[in-house]
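Quick note: numbers below take in every heavy atom, side chains included, and nothing from hydrogens, waters or symmetry partners. Throughout, a chain's letter reflects where its sequence line sits, starting with A, and its residues are numbered from 1.
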Amino acid sequence: MSEQSAARQIEVTLPDGRVVSAGAKDTPYDVARAQRLEGLETAIAARVDGTPWDLHRPLPGSCHLALIQPEDPDALEILRHSTAHVMAQAVKELFPDTRIAQGPSIADGFYYDFHRDTPFTEQDLAKIESRMRKLVKRGLPIVRHEVSRDEALRLFEEEGEPYKVHFVREKGGDVVSYYEQGDFRDFCRGPHVPNTRRLGAFKLLSVAGAYWLGSEKNEMLWRIYGTAFPTKEQLEQHLERLEEARRRDHRRLGRELDLFSLQESAGGGLVFWHARGAIVRQQIETFLREELERRGYRFVITPHIARDTLFRTSGHYDFYRENMYTLTADDEEFVVKPMNCPGHVQIYRTGLKSYRDLPLRMAEFGTVYRYERSGTLHGLFRVRGFTQDDAHIFCRPDQLLDEVDDCLDLIATVFRTFGFEKARYELSVRDPADPGKYAGTDEEWAAAEDALVRAMERRGLEHQRLEGEAVFYGPKIDVKVYDAIGRPWQLSTVQFDFNLPRRFEISYIDQESRQRTPYMVHRAILGSFERFFGILIEHYAGSFPVWLAPVQARILPVSDKVREFAEEAGRRLRAAGLRAEVDLRSEKVGAKIRDAELEKIPYMLVVGPREAERGEVSLRLRHEGDQGPMPLDRFIERARDKVARRALDN
RNA sequence: GCCAGAGUAGCUCAGUGGUAGAGCAGCUGAUUCGUAAUCAGCAGGUCGCAGGUUCAAAUCCUGUCUCUGGCUCCA
């Protein structure tokens with residue numbers, strides 16, 4: 001350190017507002033120690049002008065300085081990233097022939113990609129984990145180094161790390177940073193915890209193949225996933241959440257509750273809705289149909305297959321071909337529709353449209369088939385045949401805002417009904433750097449974007465703007481909802497389409513008798529019934545609200561002596577429009593209750609001689625237990641009210 | 001599609017070269033019971049499928065099908 005730079009002073013503003021001076025090469029650690037900042041022993045890193053910064057990295061100049069403690073939201077990412085490094089170190093120690101690729105922190109933890117001839121096994125994970133614990137115990141300092149790019153290249157070449165060399169070449173600037181703990185070095189931007197002892201609780205979870213740089217053309221690496229938290233309690237909570245997600249798995253509940261199945265004999269990704277699942281779907285369809293009809297949508301039905309020419313005109317044949325099923329008959333080629341839009345545009349094209357005909361809101365619960373690669377299929381979430389709650393709105397420029405606004409209102413209504421409390425709105429717009437690759441004029445894009453933004457603002461909806469995320473044919477809003485255990489699901493979408501109206505040359509005649517191209521908005525609220533059903537099963541953990549429940553009430557006679565009353569009560573419930581059953585098995589009530597609870601039936605009605613005499617039922621609510629006796633009529637009233645209001649509680 | 005793992009009774013799983021098992025579910029009978037499992041008996045299998053090795057294969061080998069986890073949130 002030259003005397004000159006040591007002498008130069010910088011000003012550091014501390015969290016309590018004090019401004020202190022420090023040496024130009026001082027680190028956050030130096031300043032914190034000198035100023036006796038609280039929590040230095042536990043700090044994960046520092047925050048310099050809001051940016052996470054190593055405790056032992058010299059400050060860049062005068063700045064605001066704070067310490068990042070383990071409970072700080074920013075700490076998690078650093079902690080996990082450092083844990084990934086320690087894992088890589090453990091792997092290299094245990095398996096010296098391994099080459100390291102990359103290891104970032106991700107939403108729920110971290111991973112690291114390795115190259116190795118033999119795969120990692122579950123037993124290896126346990127070994128790696130215990131080696132990691134040893135590294136933590138050794139308390140190795142994690143040190144940041146800054147070197148020239150050439151020196152970094154030389155370093156990683158010497159270490160025999162071709163993947164790291166690649167990254168230094170691709171991503172490194174003139175000065176390159178790497179981090180070192182013990183014998184382990186990794187090209188990395190940082191920051192990291194100052195010492196391996198500062199790691200929190202971690203666990204390695206799984207190993208899987210992953211292509212180098214994510215491209216199928218490249219070799220496959222081994223990816224080890226893990227997660228890390230500041231404390232053991234938080235880690236255990238997280239593992240508990242994973243366990244809860246497993247309990248809610250719609251594939252498991254779908255089988256246990258007899259809702260749906262996927263059949264090997266039919267092929268992957270094709271859904272068989274069993275009677276109980278079909279009831280749920282029909283309730284959802286009825287609800288949506290009511291909402292849509294109230295809002296002026298007109299339902300249409302279009303064929304499942306069409307001549308290839310239709311999809312050549314729409315353009316799907318060119319850019320969507322690998323996802324389409326085709327068939328040939330009488331030397332003609334047909335396409336099984338992968339989307340409903342071309343069909344809806346055909347309907348629009350019949351007859352001349354006047355400006356008075358708009359807006360035209362065309363809805364269809366349209367079943368489409370798309371070829372998805374076998375490895376991507378997953379329960380109801382990723383399938384090959386599914387039914388979209390699809391609609392296309394054709395409208396004039398002056399109607400844009402109201403139409404988008406109504407879509408948002410519909411979305412809010414639907415989410416509220418299903419009990420999704422939190423949603424996130426994302427606006428995808430053009431990439432300003434590459435305006436050439438988009439369909440539609442600048443004016444159209446501006447008008448559409450304006451309608452989308454203003455509609456959201458009008459409703460006070462915060463949204464995130466994603467530059468360059470728009471599809472080529474128009475801007476869009478995507479809506480994510482969060483389910484009962486906080487997982488996000490992309491559901492609704494409102495998309496402008498400047499492409500299809502032109503390709504099919506659709507038009508309307510305006511007030512001045514001029515031919516105009518209408519705006520076309522594509523929108524789906526649930527996406528597909530299949531996927532939404534899967535989400536709902538997990539959201540409710542199989543316990544559907546009364547209006548959706550396949551069986552709403554089950555009558556549980558205490559003994560055969562009240563069989564007649566039980567059957568009569570069952571008839572009355574069904575006559576009142578409720579889905580009710582009578583459990584006449586020669587089992588004890590306890591067993592009948594247990595089975596009804598396991599089937600997640602919302603209402604259990606216990607009847608014995610007492611109830612039979614008075615025309616009552618003893619109501620037991622799912623998950624809540626005995627509510628005591630009440631007249632049968634009053635129960636019917638209550639149940640019908642819950643159904644009519646589509647209430648979320650029982 | 002690719003990589004790894006897994007396919008044994010309806011479900012959950014045991015069985016690692018020598019006669020295919022358990023619990024639950026199912027069926028039959030008994031029991032007639034008051035808020036999360038009554039008792040007994042019976043039945044249930046091409047061990048995913050096709051080849052091969054072997055005196056003998058659920059088990060070893062090859063192929064194939066299906067499922068599961070993953071395949072840039074990124075130095």
Next on the checklist: I'd like the P distance from U19(B) over to A36(B), given in whole Å.
Outcome noted: 46 Å

Checklist outcome for this item: Paired to A9(B) by Watson-Crick or G-U wobble criteria (both distances under 3.5 Å) is none

Next on the checklist: If I take atom CD in residue Glu219(A) and atom P in nucleotide A4(B), what distance separates them, rounded to the nearest angstrom?
Outcome noted: 15 Å

Next on the checklist: Show every salt bridge (charged side-chain N to carboxylate O under 4.0 Å, His left out) that has at least one partner inside residues 164-175 of chain A, sequence neighbours left out.
Outcome noted: Glu157(A)-Arg169(A), Lys164(A)-Asp186(A)

Checklist entry - Atom CZ of Arg255(A) to atom C1' of C67(B): distance rounded to whole Å? => result 11 Å

Checklist entry - Mind checking who C47(B) pairs with, Watson-Crick or G-U wobble, both distances under 3.5 Å? => result none

Checklist entry - Hey, which of these two, His85(A) or Val207(A), hits RNA chain B nearer its 5' end, going by closest nucleotide? => result Val207(A)

Item to check | G70(B) OP1/OP2 closer than 4.0 Å to side-chain N/O of His378(A) | outcome: no

Next on the checklist: Does Tyr211(A) contact G1(B) through a side-chain donor or acceptor facing the base, at a distance under 3.5 Å?
Outcome noted: yes

Next on the checklist: I'd like the C1' distance from A40(B) over to U35(B), given in whole Å.
Outcome noted: 26 Å

Checklist entry - Is the Phe114(A) ring parallel, tilted or perpendicular to the Phe120(A) ring (thresholds 30°, 60°)? => result perpendicular

Checklist entry - Over how many whole Å does the gap from Arg382(A) atom CZ to C67(B) atom P extend? => result 14 Å

Checklist entry - Under 4.0 angstrom, heavy atoms only, what part of the nucleic acid is Gly268(A) near: base, sugar-phosphate, or nothing? => result sugar-phosphate

Next on the checklist: If I pick the P atom on G17(B) and the same atom on C67(B), what distance separates them, to the nearest angstrom?
Outcome noted: 31 Å

Checklist entry - Parallel, tilted or perpendicular: which fits the ring planes of Phe533(A) and Phe544(A), with parallel below 30° and perpendicular above 60°? => result parallel

Item to check | Ring geometry between His166(A) and Trp212(A) (parallel below 30°, tilted from 30 to 60°, perpendicular above 60°) | outcome: perpendicular

Next on the checklist: What contact category does Lys164(A) fall into here, base, sugar-phosphate, or nothing, at under 4.0 angstrom with non-hydrogen atoms?
Outcome noted: sugar-phosphate

Checklist entry - Base, sugar-phosphate, or nothing: which does Ser215(A) touch, judged by heavy atoms less than 4.0 Å apart? => result nothing

Next on the checklist: Can you identify which nucleotide, out of U35(B), G70(B), G1(B), has its nearest atom closest to the Ile593(A) side chain?
Outcome noted: U35(B)

Item to check | Aromatic plane relationship, His316(A) with Phe319(A) - under 30° parallel, 30 to 60° tilted, over 60° perpendicular | outcome: tilted

Checklist outcome for this item: Contacts of Phe156(A) meeting ring-ring contact (aromatic ring centres under 6.0 Å, His included) (sequence neighbours excluded), chain-then-number -> none

Checklist entry - Between C47(B) and A22(B), how far is it from one C1' atom to the other, in whole Å? => result 16 Å

Checklist entry - So what's G17(B) paired with, Watson-Crick or G-U wobble, going by both distances under 3.5 Å? => result none

Next on the checklist: Hydrogens and angles aside, do Ser428(A) and Glu426(A) bring a side-chain donor and acceptor to less than 3.5 Å of each other?
Outcome noted: no

Checklist outcome for this item: Leu205(A) atom CG is separated from G5(B) atom C1', nearest whole Å, by 16 Å

Next on the checklist: Using atom C1' in both nucleotides, what's the gap between C3(B) and C13(B) to the nearest angstrom?
Outcome noted: 27 Å

Item to check | Separation of C73(B) C1' from Gln490(A) CD (nearest whole Å) | outcome: 16 Å

Item to check | Spacing of Phe381(A) atom CZ relative to C67(B) atom C1', expressed in whole Å | outcome: 16 Å

Checklist entry - Do the side-chain N or O atoms of Arg251(A) get closer than 4.0 angstrom to the phosphate oxygens (OP1, OP2) of G69(B)? => result yes

Checklist entry - Which nucleotide, in any strand shown, forms a Watson-Crick or G-U wobble pair with C33(B), with both distances under 3.5 Å? => result none

Next on the checklist: Nearest whole Å is fine: how far is C73(B) P from Gln102(A) CD?
Outcome noted: 10 Å

Checklist entry - Considering only G1(B), A4(B), U35(B), which nucleotide approaches the side chain of Glu216(A) most closely? => result G1(B)

Item to check | Watson-Crick or G-U wobble mate for U54(B), both contacts under 3.5 Å | outcome: none

Checklist entry - Does the side chain of Arg223(A) get closer than 4.0 angstrom to OP1 or OP2 of C71(B) through an N or O atom? => result yes

Next on the checklist: Parallel, tilted or perpendicular: which one describes the rings of Tyr371(A) and Tyr325(A), with boundaries at 30° and 60°?
Outcome noted: perpendicular

Checklist entry - Mind checking who G26(B) pairs with, Watson-Crick or G-U wobble, both distances under 3.5 Å? => result C42(B)

Item to check | Interatomic distance at C1', C27(B) relative to U68(B), whole Å | outcome: 34 Å

Next on the checklist: Within the 4.0 Å limit for protein heavy atoms, which parts of nucleotides 26-34 of chain B are touched? Write it as a string from 5' to 3', B for base, S for sugar-phosphate only, - for none.
Outcome noted: ----BBBBB

Next on the checklist: Here's a test of your reading of the structure: between Phe167(A) and Gly625(A), which maps to the more 5' nucleotide of RNA chain B?
Outcome noted: Gly625(A)

Item to check | N or O in side chain of Arg116(A) less than 4.0 angstrom from A4(B) OP1/OP2 | outcome: no

Checklist entry - Does A4(B) pair with anything, Watson-Crick or G-U wobble, both distances under 3.5 Å, and if so, with which nucleotide? => result U68(B)

Checklist entry - Looking only at side chains, do His85(A) and Tyr179(A) share a donor and an acceptor under 3.5 Å apart? => result no

Checklist entry - What is the nucleic acid contact for Tyr111(A), judged by heavy atoms within less than 4.0 Å: base, sugar-phosphate only, or nothing? => result base

Checklist entry - When you compare C2(B) with A58(B), how far apart are their C1' atoms, in angstrom units rounded to a whole number? => result 29 Å

Item to check | Leu380(A) backbone acceptor or donor facing His250(A) side chain under 3.5 Å | outcome: yes

Next on the checklist: Using the P atom as the point on both nucleotides, what is the distance between A56(B) and G23(B), in whole Å?
Outcome noted: 34 Å

Checklist entry - What is the nucleic acid contact for Ala107(A), judged by heavy atoms within less than 4.0 Å: base, sugar-phosphate only, or nothing? => result base

Checklist entry - Whole-Å distance between C2(B) P and Met220(A) CE? => result 10 Å

